[in-house]
Amino acid sequence: MSTSITRPFPSIPSFLISTILAFVPTTVMGGSISPSSIPQVDYGKMGTVGLGGSFSGLDWYSSDSPFASSSSSSSSAQQFSTKGDTLFYRTEDGSFRALGSTNDGGTINSICWSSTPDSTNGTLFVGGTFSSISGTSTNNVASFSLSTNTFSKLSDGLSGEINTLYCDDDNEEVWFGGSFNAPIGQGGNVALWSTISSSWISPSFGGFNGVVESITPSFSNQSNLYFGGDFTTTFMSSSITNTTSRNNNITSTPNAPVNTTTVGQSGYLTPLTISASASENAQYQIQAGPSSSSSSSSNSGYSDANGLLCPGTSTWLAQEDTISNVNLVGNQYLPATGVRMVNGHEDGRSTTYFCFTSLPDHAELNMTYTNPSTGKNETCTTHCPLSTDPTISAQDFVFTQGTHNLTGFEIQLKNWTGDGAALGSVSLLTDGAYSSATGAGASSTCSSGKNSTVQSVGDWSPKTAATDSATESYLSSSISTRNPTNAQVTFYPHVGSAGQYEVYVFIPGCLNIGDCDGRTSVDIEVFPLQGGLGWTSTISEQVNYDTKTLVYSGPVDASSDAFTPTISLALAANPAPVAKGNNYIVVADRVQLVLTGITDSSGSTVSSSSSSSNGTSTVGTPITNSTTNSTYNVAYGVYEYVRTSNMTLNAATSTLTNDTETALTRLGFSLDAALNASGSAASSWVVNTIVATNNTVFVGGDFSASNNYTNVISIDTSSGQASALASQGLSGIVNTAAIVAGYVFFGGDFTSTASSGGVSLNYVAGYDPNSKAWAALGGGVDGYVTDLLASTASPNQLIVMGNFSHIVSTNGTSTQTGGYAIYDASTSEWLNTGVVFGNVSAGAVPSSSSGIKSESFFAGRVYGSAGNSVGGVATLSTNDDGTAVISSLNGVTFGTAGSSSPSASSTARRRRSFATRASHSYTRSWLARYTDVLVERASTVLSQRATPPTIPSQVSEAPAVLSGAFWTNSSASGKPTITILGGNFTSSNKNIEGVAFYSEKNGGLTGPSPPVEGVVKALNVIGNNVYIGGENVNVQNVGSGVLVYDLKTGTWVTGGMPSLNPPSGSSGVAVNSIRTRGNTNTVVVAGNFATAGSLGCVAVCLWDSKNAQWSTPGSGLSSGEVRAIDFAGESYDTLIAAGSFSLSSGDVAYVASYSFTNSSWTPLGTLPGPALALAVDDKNSSNIFVSGYSTSDGSSYLQAWNGAAWTAQSDSLAPGSLVSQLAFVPMKTEHTPQGFIESDRMLMVSGDLYLENSGNVTSALYDGSTWYPYLVGTSSSGELGAGGSLFWSESSFSFKVRHYLARGLVVLVAIAIATGLILLLILIALLLAFCFRRRERKDSTLYEKNRDDDDSSNGDINSTHQNVFNNVQAALEASLVGAGLAGATSAGVAAAGNNNSNANRAGIRNSDPSSVNSGAYPIGSDEELDDEDDQGRETTMRYNFDGPELQEGELSMKAGQSIIILDDEQSTEWWFARDPLTGKEGVVPATYVW
């Protein structure tokens, strides 16, 4: 067998390699880059770096931070409100800034941007429910100038809630929609503001009779406007008129008894007459009791309940001193708008308070009444007052929420005068009149004669139809289709007052009855006026569900002895054909007249508002003497305003001409028909949004037609064809819609399409009008959407707002964003937009032509914001240009619950008041408050055998990451690195608690099973095991205190480690730190505990990881708690402990050192109080920093130990600060040495900090003299987030700052040299290659002969140096002479590398260890460390060295990645190295390695 042998390549001049390197590109990492104004930390030296804490967002410090003090802030910026809605904007750099907030409890429902009247930056118009905004008093509406940053009110505002706005810049107007009275003129629920005159003007169409939810422009001609909501408009279907014979208008007069206390226009309403008795066989049963048993009442009628439904016939007396009930129970629905109560006055007895409960829903109704004493309207629910004044004949109480359908009621008489309650009568009020075809339910047995009656002609049979909660009676007639006979029912409703009425005919649905095959059409004729002509129309009874059809709208005379309005129903003259059979089926149910207005003697009409809570009314248009003899069509929920129509009719009260109908109007007709057929579900119907694209208008809301469309529908405006969307629409309410990139996006409260088996959608969906298909937006969001906007900054971006907290990617991972997110339709991905804490209700964007088009504006209940959503843990890295970057761990999201027990949880901390700081010498925080206890208990002079002060438990608001570590899974493919997180957190599904594992390769979180209970504060990886400790840490069926988890097998290690036990009087064990002592088997565990098994081991205990046993360090400590530990000395021979504890001698110490050499403890000086955090600088026992708080006043301190005494540091760390961790970090550039800290590093202080003149921060840098505010965390409640732990992967690194020429200068020098030498270099390279190849061929036999000798002598050929030269030769040849030359030598190089790899490793030199150990936990046991000594020197890449430009023999590596240097002696420019993850070997530039 032959073996190829390659001769060593000669040494390459170093200047040549340097010249080549000048042209090697580097990769710049993206992220949230640190500003140049703060010191730049070189995180690349530390490997992978994480910062955990109790925060959901993390940003670099800025003077514009909401937590910055007023002295450092660049402006008097507004703050987000925790009690009202805030108007805010997103700047071009992605940060959020508040503009102003409403009064407490105020809401902002809609905003829009207008280029007028402020033409510079525009004006924002705001609507909702608020009484003030940013200190400006106003009623529900306001404007905000983006040039002057001031709010202004719009005249006197509007009287009710604003739901929607539209800024019409073309006409210099702003439209408002909602529920309010018109600020000027007629109408309501729509208002129009002129930006020219700064005043309200009247819309030409008046307004609407219901709530407006949406105002949007048409697509092709934006002069038209689309209105959506919960209202109706009425249109006549022909222009034929039939003038009545009357010469004067009707005049409305009240029909209530004299001296009745009415509400608004309730005196014009007609009492609903009911046939009821106490008999069990009656259709309605009247029950009252208990009745009076007093012998003083000789008339037995006082106990007869039947008289209660016949006013003026008798008085009913309740049992003495007993709360009594009056109940009406039936099985058919009655439409009631209120109740008229007649009090009883008998034997000094009367009722003073009652309540009214409707059946069958058992709802205790809120009612509006007029107080007889004050004349003002008031409301009541549980205690409605009845006047005992005998001169008041009756009192009206109207239902505040309007007409209520009921089958009966319960009236409870709660209070009375005299011996017991008394009652005269009870009458239900209706909006007009009511008449049943069967004569049931609405006719009375009273002798007053004021009854609705009915007559029938033909063969009619009474039948019943069951509904959800009652049965409905109706008449049915079967008529031969071959020889139809006359079948007619005439209704004579009793109308109490003349006025404007709507007449409805009720048709029972055929599906429930089962007679759809024979249904046909009927003629309806209405005679509303005495001496007038009839009003005829033809309607279809071929309806699947119960339908209420409007057949007349106009004036109606009152019933009298001479005249009664009539409505007749008969088989149509030209009946619609039946679906099957030889008989027409005609049904007659009931008719209802609804009072819409009253007419005074001048002929003017006032709209009825009897069911209104305020009793106000709106003046309408005069009634003429002509009526239309045709059918009226009603449109529900939609209206198109055509400016060119010049219409002057009021859409709220008038019948509109058919020439104003549009395609959208005809869609409204269909919606109204579906509404009538929907039964009880109609109460929730509403149109929330209308958008248009090309010729198609999309309408969304809360509506449906069975087996047709659900919550969304479209109409082609050119053809008038309405269409259901794919899969019959969406499964829940649609709140909003927007057009982006040709797609229609819908948002609302839905999770899928309507039909089964459709697309799964989470609250937001995309619809393609061309393919007619739905598409999900990744995984959607986790809460309902309130608003969608098309971004003007990018044509492909959709802005999503609502009551959600996370966006979900396609693979199921979620990212916290708050109620704001951006979706890119071109890439089908969610964008990184930072996070807002709270819900966003509305948004607006400037026009694409404005100077602020890159900004967007929002409103909602938002408590704060952050530019980076990090979910409790962030990664910190360094770019090639030296700037630091904040990034999040993809898919890392925790729930709001913690892993600690409920008793350990804390409520959200209150934000500190900067004003308080300004007026006191130090600011009190929750830390200062709980240290008050310590101040009271602490002795001013610590004496021998004194008890150390107890450190209160620090509770971190969940979710919080308090510790971190790293583990490389060497047995897995690619040797991935796993990030281990510990803290107070749980996953949303509760499967992960306390400890979580993150893999960058796979993304997302996993956790051990069973999960960890308690708060994890310490992690330490040794080999494949991770040691876990914290407060009350426990795993069911495993153990507590210190736990060990085998990362390789994924199982808990049980047995072998005696548990730690709490001190006497303590409820649990706290482990605050777990550290490995250098390259030994000793693991130091520190915290608050008393024993390890039976071994006395207070606060600090040593675990031998090899022999598996606990030991006490020296004589140990006698009591107290150790919060932090670190090591000093080159051999880690000194342990430094910080906390509050007593030594075995009885001395109280806050910091002490332990010598592993002589096993002795030594207290280090005197400090003001317990120490909470500790950092040893460069293993130097004479340069130690600690932080804690004073026992005398609770103030915070930072002090440095110089080997002999403590020195207080800068006092900028204000009282009330809480330091969680101290850590020295390397700097990118040197600074002037200050105090105890060298020029190449700074001290990073993390926790809940307040710096004088800077404000609140999460982390700060300290250079020995000056504090630099560094990082600001924000919690999910918008408060300041606390820093918990900075952790990193490199166990050892150098702080030394390396100095390099600027890259640009290096490039220029290289180009200059290369220009003169490039030809010479190419010739030399070609000549060398030619000579050595010729010599190789010539001497191949000699090499074959001497191969064994060479191998045995371990000569030059089989050395690590050979690999260096082989790889450098390949790189040089590929760079200078192209692929052909490189290819000629590559085979030989590869062969040499393969044959010599084992021999190379045997000859590796161990380099000196790094000059400093950072304090991160060593990974691996002693055996693993010894093995590393034989395998080369492990270090970290400083820069990226990868890309397509790499040549043969060069090793691709990433910045921050671990690398093993196999040879660094043969060349000062190129080092031979191995990638520990892949095992690949090659050369890397020496300057790219730490």
Student: Show your working on side chain to side chain donor-acceptor pair (under 3.5 Å) between Thr400 and Thr368 and close with a plain yes or no.
Tutor: CA-CA 6 Å; Thr400 305; Thr368 301; 3.0 Å; yes

Student: Checking side chain to side chain donor-acceptor pair (under 3.5 Å) for the pair Asp85/Thr102: CA distance, chi angles, key distance, verdict?
Tutor: CA-CA 6 Å; Asp85 277 11; Thr102 68; 5.6 Å; no

Student: Are Thr232 and Asn209 linked by a side-chain donor-acceptor pair shorter than 3.5 Å?
Tutor: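 A donor-acceptor contact under 3.5 Å links the two side chains.
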
Student: Between Tyr504 and Lys548, is there a cation-pi geometry (under 6.0 Å to ring centre, at most 45° from the normal)?
Tutor: yes

Student: Check the pair Tyr369, Glu378 against side chain to side chain donor-acceptor pair (under 3.5 Å), reporting the backbone distance first and the verdict last.
Tutor: CA-CA 6 Å; Tyr369 67 98; Glu378 298 178 9; 3.0 Å; yes

Student: Taking it one step at a time, do Trp175 and Phe125 satisfy ring pair (Phe, Tyr, Trp, His ring centres under 6.0 Å)?
Tutor: CA-CA 10 Å; Trp175 292 83; Phe125 289 87; over 10 Å; no

Student: Go through the steps for Val141 and Val126 under the test side chain to side chain contact (heavy atoms under 4.5 Å, CB included), then give the verdict.
Tutor: CA-CA 6 Å; Val141 293; Val126 183; over 6 Å; no

Student: Got a sec: does the CG of Asp716 have more than 12 other heavy atoms crowding it under 6.0 Å?
Tutor: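 Buried by this count: over 12 neighbours within 6.0 Å.
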
Student: Kindly indicate, with the supporting measurements, whether the criterion side chain to side chain contact (heavy atoms under 4.5 Å, CB included) is fulfilled by Ile733 and Asn735.
Tutor: CA-CA 6 Å; Ile733 300 172; Asn735 294 326; 3.5 Å; yes

Student: Backbone N or O of Asn695 within a donor-acceptor pair of the Thr717 side chain at under 3.5 Å?
Tutor: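 Yes; at least one donor-acceptor contact below 3.5 Å.
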
Student: Between Tyr641 and Ser204, is any side-chain donor less than 3.5 angstrom from a side-chain acceptor?
Tutor: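 A donor-acceptor contact under 3.5 Å links the two side chains.
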
Student: Please determine, by modelled atom types, if Thr129 and Thr107 share a side-chain donor-acceptor pair under 3.5 angstrom.
Tutor: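 Thr107 and Thr129 do have a side-chain donor-acceptor pair below 3.5 Å.
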
Student: Do the side chain of Asn189 and the main chain of Gly210 share a donor and acceptor less than 3.5 angstrom apart?
Tutor: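 Looks like yes, one N/O pair under 3.5 Å.
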
Student: Any side-chain to backbone donor/acceptor pair from Asn139 onto Leu158? Under 3.5 Å, distance only.
Tutor: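 No, the answer is negative, given that no donor and acceptor are paired below the 3.5 Å cut-off.
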
Student: Apply the test salt bridge (Lys or Arg N to Asp or Glu O under 4.0 Å) to residues Asp168 and Arg643: give CA-CA distance (whole Å), side-chain angles for both, the deciding distance (0.1 Å), then the verdict.
Tutor: CA-CA 13 Å; Asp168 186 356; Arg643 292 182 184 273; 2.4 Å; yes

Student: Run the numbers on Thr233 and Val634 for side chain to side chain contact (heavy atoms under 4.5 Å, CB included), then give the verdict.
Tutor: CA-CA 6 Å; Thr233 49; Val634 177; over 6 Å; no

Student: Got a donor-acceptor contact below 3.5 angstrom from the Thr736 side chain to the Leu788 backbone?
Tutor: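 Indeed, once roles are kept as given, a pair shorter than 3.5 Å links the two residues.
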
Student: Ignoring hydrogens and geometry, is there a side-chain-to-backbone donor-acceptor pair from Thr138 to Ser132 under 3.5 Å?
Tutor: no

Student: Answer yes or no: is there a donor N or O on one side and an acceptor on the other, between the side chain of Thr689 and the main chain of Ala737, under 3.5 Å?
Tutor: yes

Student: Are any side-chain N or O atoms of Asn163 and backbone N or O atoms of Val212, one a donor and one an acceptor, separated by less than 3.5 Å?
Tutor: yes

Student: Measure from the side-chain N and O atoms of Thr430 to the backbone N and O of Thr270, and report whether any donor-acceptor pair falls under 3.5 Å.
Tutor: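 The answer is yes, because a donor-acceptor pair under 3.5 Å joins these two groups.
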
Student: Does a donor on one side chain and an acceptor on the other come within less than 3.5 Å for Ser197 and Ser199?
Tutor: yes

Student: Can Glu161 and Asn109 be counted as having a side-chain donor-acceptor contact under 3.5 angstrom?
Tutor: yes

Student: What verdict does the ring pair (Phe, Tyr, Trp, His ring centres under 6.0 Å) test give for Phe227 and Phe205, after you've listed the backbone C-alpha separation in whole Å, the side-chain angles of each residue and the deciding distance to 0.1 Å?
Tutor: CA-CA 12 Å; Phe227 293 83; Phe205 59 87; 5.3 Å; yes

Student: Between Thr370 and Thr262, is there a donor-acceptor pair closer than 3.5 Å when you use the side chain of the first and the backbone of the second?
Tutor: yes

Student: Are Thr696 and Thr693 close enough that a side-chain donor and a side-chain acceptor fall under 3.5 Å?
Tutor: no

Student: Tell me yes or no: between the side chains of Asp169 and Ser114, is some donor less than 3.5 Å from an acceptor?
Tutor: yes

Student: Carefully, step by step, assess Thr116 and Thr195 under the rule side chain to side chain donor-acceptor pair (under 3.5 Å).
Tutor: CA-CA 6 Å; Thr116 61; Thr195 59; 3.0 Å; yes

Student: Any side-chain donor paired with an acceptor under 3.5 Å for Tyr501 and Asp431?
Tutor: no

Student: When you measure from the side chain of Asn255 to the backbone N and O of Tyr268, does any donor-acceptor pair fall under 3.5 Å?
Tutor: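 Yes.
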
Student: Only one of Trp200, Tyr166, Trp193 passes ring pair (Phe, Tyr, Trp, His ring centres under 6.0 Å) with Phe176; say which it is.
Tutor: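 Exactly one candidate clears the test, Trp200.
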
Student: Test side chain to side chain contact (heavy atoms under 4.5 Å, CB included) on Tyr226 and Tyr639 and set out the steps.
Tutor: CA-CA 6 Å; Tyr226 297 140; Tyr639 177 76; over 6 Å; no

Student: Rounded at 0.5 Å granularity, tell me how far CG in Asn694 sits from CD1 in Ile739.
Tutor: 9.0 Å

